There are 2 protein chains.
Amino acid sequence: MYSLAEENYIKTIFHLQQTKSGAVSTNAIADSMDTKASSATDMVQKLADKKVLSYVKYKGAQLTEKGKKIATRIVRKHRLWEVFLVDKLGFHWDEVHEIAEQLEHIHSTELIKRLDTFLGSPAFDPHGDPIPDEHGNFIKTEKKLLSQLNKSQSGVCVGVKESSPEYLQYLDKKKISIGTKINVLGKEFFDGSMVIEVGRDQFFVSKKIADNLYVQTT
Amino acid sequence: MYSLAEENYIKTIFHLQQTKSGAVSTNAIADSMDTKASSATDMVQKLADKKVLSYVKYKGAQLTEKGKKIATRIVRKHRLWEVFLVDKLGFHWDEVHEIAEQLEHIHSTELIKRLDTFLGSPAFDPHGDPIPDEHGNFIKTEKKLLSQLNKSQSGVCVGVKESSPEYLQYLDKKKISIGTKINVLGKEFFDGSMVIEVGRDQFFVSKKIADNLYVQTT
DNA sequence: ACTATTTTTTAGTCTAGGCTAAAAAATAAC
DNA sequence: GTTATTTTTTAGCCTAGACTAAAAAATAGT
Ligand SMILES: [Mn+2]
Ligand SMILES: [Mn+2]
Ligand SMILES: [Mn+2]
Ligand SMILES: [Mn+2]
């Protein structure tokens with residue numbers, strides 16, 4: 001059994017090595033967890049002792065198969081609970097992350113099995129992220145960032161990179177949610193900003209906005 | 001905000017002072033929490049500093065109004081989650097206590113409000129215990145222990161005192177659940193054992209069994 | 001009332017998981 | 001290739017929450 005702190009580290013390392021390949025640095029972990037590098041080093045050394053990850057001094061950490069299993073189980077729980085909160089309790093997609101951050105640590109395999117069934121074994125969470133199955137396998141969607149599209153290309157929103165309430169509320173205001181079609185009408189190469197069309201509306205988006213929205217090109 | 005350990009102490013003290021009136025001893029707390037008296041003393045002193053309880057050295061602890069509020073909120077969460085697990089996920093009543101022990105610590109007032117609505121604002125949990133409302137008020141049922149009944153009296157099962165899987169499984173085997181009518185056919189005053197009638201079955205129960213079943217006399 | 005026993009608190013130690021400051025290694029600049 | 005800078009680790013300290021052993025208070029026995 002792993003402690004709350006250990007589970008949070010494992011999950012963070014898992015997410016970090018999804019984006020960048022190779023070992024993840026203790027600094028990157030500390031940054032991502034809002035803690036200090038020295039704390040991350042301590043924890044990484046402990047997790048290496050427990051064979052959850054491999055760690056080479058000054059080189060960084062990499063989850064073992066064992067570590068990945070643990071991580072995907074936590075991610076599965078997080079995302080299933082998010083579906084529960086939105087689908088069953090009527091929460092809005094910008095309100096569920098913090099609560100799921102706690103619920104993901106409830107230990108009971110039977111619970112997660114039954115929750116999954118209760119929810120109809122969903123494949124995606126409310127933010128468009130795939131839910132790993134009981135073996136840790138999950139769909140790797142072919143998705144791009146909106147910022148990677150060029151003028152006159154279009155895509156369908158399939159998820160968000162950031163899921164802060166502020167960002168999700170912005171998207172709501174602009175009537176963008178999962179499944180929404182977006183046309184790129186113009187792109188400014190100087191700062192990466194765009195003019196996009198959503199439904200009947202046309203408006204300007206900054207690079208920061210476009211950098212956090214995943215789309216599937218059509 | 002209170003830590004996991006603090007919350008568990010507060011809840012335990014709340015339950016202890018439900019049964020016995022007056023201050024609860026650090027030893028009673030330690031016993032009930034499966035820890036040592038010295039640890040209980042430390043925690044009680046800390047909770048006294050936080051005005052969660054009043055504490056007089058060598059005399060024991062008593063929750064303040066503030067402490068009782070915290071306690072009933074936790075109890076409310078525990079019991080609502082138990083209802084969720086049984087009613088929505090199909091768990092059996094002997095499987096839910098441990099899981100609810102974790103779920104009761106999830107911090108979100110919005111969550112508990114929505115969960116309550118989702119469940120139809122239940123008044124009792126799967127073990128027959130009343131669920132406090134959002135203000136901490138709950139029904140104080142007029143219930144006796146089965147062991148308090150005498151020969152030829154009868155009652156309806158309204159709850160259990162102990163909710164260990166072993167005990168609940170015993171009750172299942174004997175077809176006793178909430179709402180079941182029980183007739184006392186005989187009582188042995190030497191050891192408190194009884195012969196009872198449940199449906200068409202008649203059988204012997206020890207004092208230990210009868211001491212953990214709540215009934216409402218009819 | 002005095003002693004013996006039980007209950008409760010205190011003192012001191014341990015581990016998990018943080019932190020800061022200093023040291024060491026890796027990387028970048030010349 | 002040496003020096004300067006950045007990254008990473010180590011050393012030492014802190015708090016929460018446990019524990020054991022010893023001390024102190026309360027209670028019981030005579
Ligand atoms: Mn978490
Ligand atoms: Mn999500
Ligand atoms: Mn608990
Ligand atoms: Mn219960």
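Protein chains get the first letters and strands the later ones, always in sequence-line order, with residue 1 at the start of each. Because the structure is a prediction, the values reported are computed rather than measured.
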Closest of dA11(D), dT8(D), dA18(D) to the Met43(B) side chain is dA18(D)
CD1 of Ile196(B) to NZ of Lys174(B), rounded to nearest 0.5 Å, is 8.5 Å
Residues 59-74 of chain B vs side chain to side chain donor-acceptor pair (under 3.5 Å), sequence neighbours excluded, gives Glu65(B)-Lys68(B)
Side-chain contact check for Gln45(A): nearest option of dT9(D), dT8(D), dT20(C) is dT9(D)
Of the listed dA21(D), dT20(C), dT8(D), the closest approach to the Ser25(A) side chain comes from dT8(D)
Short side-chain N/O contact from Lys57(B) to OP1 or OP2 of dT10(C), under 4.0 Å: yes
Would you say the side-chain atoms of Asp191(A) and Ser193(A) include a donor-acceptor pair closer than 3.5 Å? yes
Against the side chain of Thr35(B), the closest entry in dA18(D), dT10(D), dT9(C) is dA18(D)
Is it the case that Asp94(B) and His92(B) place a side-chain donor and acceptor less than 3.5 Å from each other?
-> yes
* **Donor on one side chain, acceptor on other, His135(B) and Asp133(B), under 3.5 Å** => no
Taken to the nearest whole Å, OH/Tyr55(B) to C1'/dT7(C) is 11 Å
Here the distance between atom P of dT8(D) and atom CG of Asp42(A), to the nearest Å, is 15 Å
Checking the side chain of Lys77(B) only, and the main-chain atoms of Glu104(B) only, is there a donor and an acceptor separated by less than 3.5 Å?
yes
One should read off an interatomic distance between Ile131(A) CD1 and Leu80(A) CG, to the nearest 0.5 angstrom, of 4.5 Å
The correct set of residues in residues 3-13 of chain B placing a heavy atom under 4.0 Å from DNA chain D is Ser3(B), Ala5(B), Tyr9(B)
What's Ser39(B) touching, base or sugar-phosphate or nothing? Going by heavy atoms closer than 4.0 Å. base
For dT7(D), does either OP1 or OP2 sit under 4.0 Å from a side-chain N or O belonging to Thr26(A)? no
Whole-Å distance, Lys59(A) NZ to dA26(C) C1', equals 8 Å
**Study point:** Side-chain N or O of Asn27(A) closer than 4.0 Å to phosphate OP1/OP2 of dT7(D)
**Key:** no
Of dT20(D), dA26(D), dG18(C), the nucleotide closest to the side chain of Tyr58(B) is dA26(D)
Closest of dC19(D), dT8(C), dT9(C) to the Lys36(B) side chain is dC19(D)
